[in-house]
Amino acid sequence: MDDFQLLVDLHRDAERQGPGGEAETRLSIALSGLSAAKNLRIADIGCGSGASTLVLAKHLEAQITAVDFIPDFLAKLEVEAARAGLAGRIRALAGSMEALPFGEAELDAIWSEGAIYNMGFEAGVAAWRKHLKPGGILAVSELTWLTRERPAELQAHWQREYSEIDTASGKLAILEKHGFSPLGYFVLPERCWLDNYYGPMEQRFASFLEAHGNSDAAFALVEAERHEVSLYERYKAFVGYGYYVARKVAG
Ligand SMILES: C[S@@+](CC[C@H](N)C(=O)[O-])C[C@H]1O[C@@H](n2cnc3c(N)ncnc32)[C@H](O)[C@@H]1O
């Protein structure tokens, strides 16, 4: 099994594949101003197994297309959507966020939690804009520096892993540069990382290693994840996920 498949395997049965929380998705909905709107068409990009998709479907009157390029995650979303009685509002679509199958000005909103970094924040913001109606909403969470200066170890790690990491003011400037007007910004609280994401992942380590015969590759992946958790625990005052909600400016 290659490294990518191992990564899928570690995260397949998780409720979410990145930091987040139901209350935080609901806060983003409130900031979007869409709570009372009807007949919405929404895309949830890089939805994973759909933690955010299910919240959107529950709290908005919308048809939601949930896009991810890993079919195993989408299969879990379909099961959970059926279980929650939300299957009629959600369409799971296997595809790339870099070639979305939407037309121009087709969507009322695009959500994307912890996923836009895969194509890069600026490239994603620029490319996805055309699919939104004038006044449409973009709501994304993105790794963000919380302070102007950071410890060298943390700076070096994230600069290597994601060179577009920046402060909120940098991210907001990119949104404005690409024709969005920011409506709101907040930082995901610690429990979104520790209780909702890292904690459940750590509990899966033992069974994951056993299932893979304690292979070197499986150990290496677990070690890399442990290192990331340790960095977050030590340096959470300096780095987090920013949630950005913005409106497409007409034109
Ligand atoms: C960190 S996870 C976040 C998943 C989910 N939004 C959540 O918060 O639980 C990033 C997701 O982006 C998906 N992804 C990565 N690159 C992608 C691409 N090029 N096209 C579509 N999905 C992609 C991954 O499969 C994964 O589900």
Side-chain angles (χ1 to χ4, degrees), residues 2-29 42-58 64-81 84 90-102 109-128 131 138-144 158 161-162 164-165 186-189 191-201 204 221 224-225 228-229 231-232 239-245:
D2 64 22
D3 288 352
F4 180 76
Q5 202 49 48
L6 278 175
L7 194 65
V8 172
D9 213 49
L10 177 59
H11 292 279
R12 179 190 292 115
D13 296 328
E15 207 172 289
R16 57 174 61 253
Q17 286 72 34
E22 173 162 1
E24 288 65 33
T25 305
R26 290 182 67 175
L27 177 55
S28 71
I29 292 172
I42 294 177
D44 186 1
I45 311 298
C47 60
S49 56
S52 55
T53 318
L54 295 166
V55 180
L56 294 168
K58 193 165 145 196
I64 301 169
T65 305
V67 182
D68 203 283
F69 71 171
I70 298 183
D72 284 4
F73 294 165
L74 296 174
K76 177 163 165 57
L77 166 57
E78 285 176 328
V79 169
E80 298 300 332
I90 296 172
R91 180 171 68 116
L93 191 91
S96 170
M97 64 173 68
E98 296 183 57
L100 293 175
F102 305 111
I110 293 176
W111 253 266
S112 182
E113 293 196 355
I116 196 170
Y117 74 90
N118 285 290
M119 64 183 289
F121 184 81
E122 181 157 17
V125 166
W128 297 352
H131 301 302
L138 178 66
V140 294
S141 65
E142 162 83 342
L143 197 70
T144 299
W158 283 117
E161 294 296 318
Y162 184 45
E164 274 191 57
I165 186 169
F186 62 94
V187 178
L188 291 187
R191 66 176 161 68
C192 287
W193 291 78
L194 299 177
D195 300 350
N196 297 353
Y197 178 53
Y198 284 150
M201 178 173 71
R204 295 192 301 275
L221 176 57
E225 298 283 17
E228 197 188 297
V229 176
L231 278 174
Y232 181 73
V239 70
Y241 257 61
Y243 213 125
Y244 301 84
V245 182

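As the structure lists them, so they are numbered: ligands from 1, and atoms in each ligand from 1. Predicted model, so just to flag it, every value in this text is computed and none were measured.
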(message) So which atom in E15 and which in S49 form the shortest heavy-atom distance, rounded to 0.1 Å?
(response) O-OG, 3.4 Å
(message) If you compare all heavy atoms of D195 against all heavy atoms of P200, which two are closest, and at what distance to 0.1 Å?
(response) O-CD, 3.2 Å
(request) May I ask you to identify the nearest protein heavy atom to atom 27 (O) of ligand 1, giving residue, atom name and distance to one decimal place in Å? (result) D68 OD2, 2.6 Å
(request) Give the atoms of ligand 1, by number and element, whose distance to some non-hydrogen atom of G95 is under 4.0 Å. (result) 20 (N), 21 (C)
(message) Need the ligand 1 atom indices (1-based, order shown) with element for anything under 4.0 Å from a heavy-atom of R16.
(response) 9 (O)
(request) Indicate whether any N or O donor in one side chain lies under 3.5 Å from an N or O acceptor in the other, for E161 and Y117. (result) no
(request) Please state whether A51 comes within less than 4.0 angstrom of ligand 1, counting heavy atoms only. (result) no
(request) Measure the distance from atom 8 (O) of ligand 1 to every protein heavy atom, then report the residue, atom name and distance (to 0.1 Å) of the closest one. (result) E113 O, 3.5 Å
(message) Starting from atom 20 (N) of ligand 1, what is the nearest protein heavy atom, named by residue and atom, and what distance separates them?
(response) M97 N, 2.8 Å
(request) Starting from atom 4 (C) of ligand 1, find the nearest protein heavy-atom neighbour and note its residue, name and distance. (result) G46 O, 3.3 Å
(message) Pairs of nitrogen or oxygen atoms closer than 3.5 Å, one from Y117 and one from ligand 1: do any exist?
(response) no
(message) Under a 4.0 Å threshold between the charged nitrogen and the carboxylate oxygen, would E24 count as salt-bridged to R191?
(response) yes
(request) Looking only at non-hydrogen atoms, find the nearest pair between L77 and A92 and report the distance. (result) CD2-CB, 4.5 Å
(request) Would you check whether F73 has a nitrogen or oxygen atom less than 3.5 angstrom from a nitrogen or oxygen atom of ligand 1? (result) no
Review item, side-chain donor-acceptor pairs of residues 109-116, under 3.5 Å, at least two apart:
{"unit_1": "W111", "atom_1": "NE1", "unit_2": "S28", "atom_2": "OG", "d": "2.9"}
{"unit_1": "W111", "atom_1": "NE1", "unit_2": "Y243", "atom_2": "OH", "d": "3.3"}
{"unit_1": "S112", "atom_1": "OG", "unit_2": "I45", "atom_2": "O", "d": "2.9"}
{"unit_1": "E113", "atom_1": "OE2", "unit_2": "T25", "atom_2": "OG1", "d": "2.7"}
{"unit_1": "E113", "atom_1": "OE2", "unit_2": "Y243", "atom_2": "OH", "d": "2.6"}

(message) Within the 4.0 Å heavy-atom shell around I70, which atoms of ligand 1 are there?
(response) 25 (O)
(message) Quick check: closest heavy atoms across G46 and D68, and the distance to 0.1 Å?
(response) C-OD2, 3.3 Å
(request) Measure the distances from the heavy atoms of S96 to every atom of ligand 1 and state whether one is below 4.0 angstrom. (result) yes
(request) Determine, using heavy atoms of G50 and all atoms of ligand 1, whether some pair is separated by less than 4.0 Å. (result) no
(message) Would you say CZ of R26 has more than 12 non-hydrogen atoms from neighbouring residues, nucleotides or ligands within 6.0 angstrom?
(response) no
(request) State which residues pass salt bridge (Lys or Arg N to Asp or Glu O under 4.0 Å) with R12; sequence neighbours excluded, sorted by chain then number. (result) D9, D72
(message) I need the contact type for P19 against ligand 1. Using non-hydrogen atoms and a strict under-4.0 Å cut-off, is it side chain, backbone, both or neither?
(response) neither
(message) Is it the case that ligand 1 has an N or O less than 3.5 angstrom from some N or O of Q17?
(response) yes
(message) Taking distance alone, with N or O pairs closer than 3.5 Å, would you say V67 contacts ligand 1?
(response) no
(request) Would you please determine whether G114 falls within less than 4.0 Å of ligand 1 on a heavy-atom basis? (result) yes
(message) To the nearest 0.5 Å, what is the distance between CG on L100 and NE2 on H131?
(response) 5.0 Å
(message) For Y241 and W193, I'd like to know if the aromatic rings sit close, meaning centre-to-centre distance below 6.0 Å.
(response) yes
(message) Just to confirm my output: which protein heavy-atom neighbour is closest to atom 22 (N) of ligand 1, and how far is it?
(response) F69 N, 3.3 Å
